[in-house]
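Remember, it's a predicted structure, so these values are computed and weren't measured experimentally. The chain is numbered in sequence order, starting from 1. Every number for a ligand or one of its atoms is a count from 1 in the order of the listing.
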Amino acid sequence: TFQNIRPETIIWGESLGQGSFTKIFRGIKRDIDNEESYETDVLLKVLDITYRNFNESFLEAASVMSLISHKHLVLLHGICVGTDSIMVQEYVKLGPLDIYLKKQKDGSRITARWKLEVAKQLAYTLSFLRDKNIIHGNVSTKNILLSREGDSSTGSPPFIKLSDSGVSITVMTKELLTDRIPWVAPECVRDPRSLVQESDCWSFGATLWEIFNGGSIPLSVLEPTAKVKFYQDQLQLPILKWTELANLINCCMNYRPFLRPSFRAIIRDLNNLITSDYELLVDLSTGDL
Ligand SMILES: Nc1cnc(-c2cc(N)nc3[nH]ccc23)cn1
């Protein structure tokens, strides 16, 4: 249930890196519409041939994406099937949020308000998916794309787009799941088929922590055994300076899925945080008053 795209309509551009099982390229899609020809910037996601056994799950993720449309979801133009499976997505100019945050860490400061606006847009999008009984299963700053960076001097907010979930964690090996700690929820590492709606809430908490920590989670670079131990000992990520935010993150990252808040409750909490004068006084990324 997705648009089949003919390979000859695609012009391949530069490589933009890779995902867990994919290679990513810039591209241009050329369409002819009653004598008018027009070109669209696209993102080409190619499933690695070594992971061809994940092909069905890759196409399933694309199919889910083509079923729903939302302003904060990356648009899928379609699929090119041939020797390779290629997802043709809308090209989101400023790219992945983790790379953007790491770049900003050195230079211009990103305000707490900017980070909360991104968090709110993500929560709205996940709430939308929840209402459609769709589990994303792969929420992290790597899968959040920045389409507008916003400008704190004019108060114009950033604008994000959540990317496709890619290969589902339900078909992954224990090693691949362990590698995704702390974004993948504990219940999914124990038994991948136990992916529940609440698993997205855990990943949302880890992603929120990542956003407020400059786009990285130190735990994520540890050895697999250390990651597994983190879950076995039911540990939490280090507490952030902003107590109310740290509390929200820990509520989302509850080891018991059914004790995690709904995305409606999360949106309410984020709105309260945004209005609290505390964050206006203290720019949390630097802690300066
Ligand atoms: N749907 C998407 C997904 N990723 C991009 C993107 C843009 C960019 N400037 N650098 C990148 N580096 C890696 C990916 C990427 C664009 N659109």
### Query
For the residue pair Trp114 and Tyr100, does the interplanar ring angle fall in the parallel (under 30°), tilted (30 to 60°) or perpendicular (over 60°) class?
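Correct class here is parallel.
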### Query
Once the angle between the rings of Phe54 and Tyr51 is folded into 0 to 90°, is it parallel (under 30°), tilted (30 to 60°) or perpendicular (over 60°)?
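Ring orientation, 0 to 90° scale: parallel.
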### Message
For Phe159 together with His72, are the ring centres under 6.0 Å from each other?
### Response
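His72 vs Phe159: aromatic centres under 6.0 Å.
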### Query
With sequence neighbours excluded, what pairs up with Tyr124 under the side-chain contact (heavy atoms from CB on, under 4.5 Å) test?
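Tyr124 satisfies side-chain contact (heavy atoms from CB on, under 4.5 Å) with Lys120, Ile267, Asn271 once adjacent residues are dropped.
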### Task
Please check if Leu240 and Leu248 belong to a single hydrophobic cluster, counting links between Ile, Leu, Val, Met, Phe, Trp and Tyr side chain heavy atoms closer than 4.5 Å.
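In one cluster with Leu240: Leu248, yes.
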Per-pair distances, ligand 1 N/O vs protein N/O, less than 3.5 Å:
unit_1, atom_1, unit_2, atom_2, d
ligand 1, 1 (N), Gln89, OE1, 3.0
ligand 1, 1 (N), Glu90, O, 3.0
ligand 1, 9 (N), Tyr91, OH, 3.0
ligand 1, 9 (N), Lys93, O, 3.0
ligand 1, 12 (N), Leu16, O, 3.4
ligand 1, 17 (N), Val92, N, 2.8

### Query
Just by modelled atom types, is the Glu187 backbone N or O under 3.5 Å from a matching donor or acceptor in the Ser194 side chain?
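Yes; judged by distance alone, with no hydrogens or angles, the pair exists.
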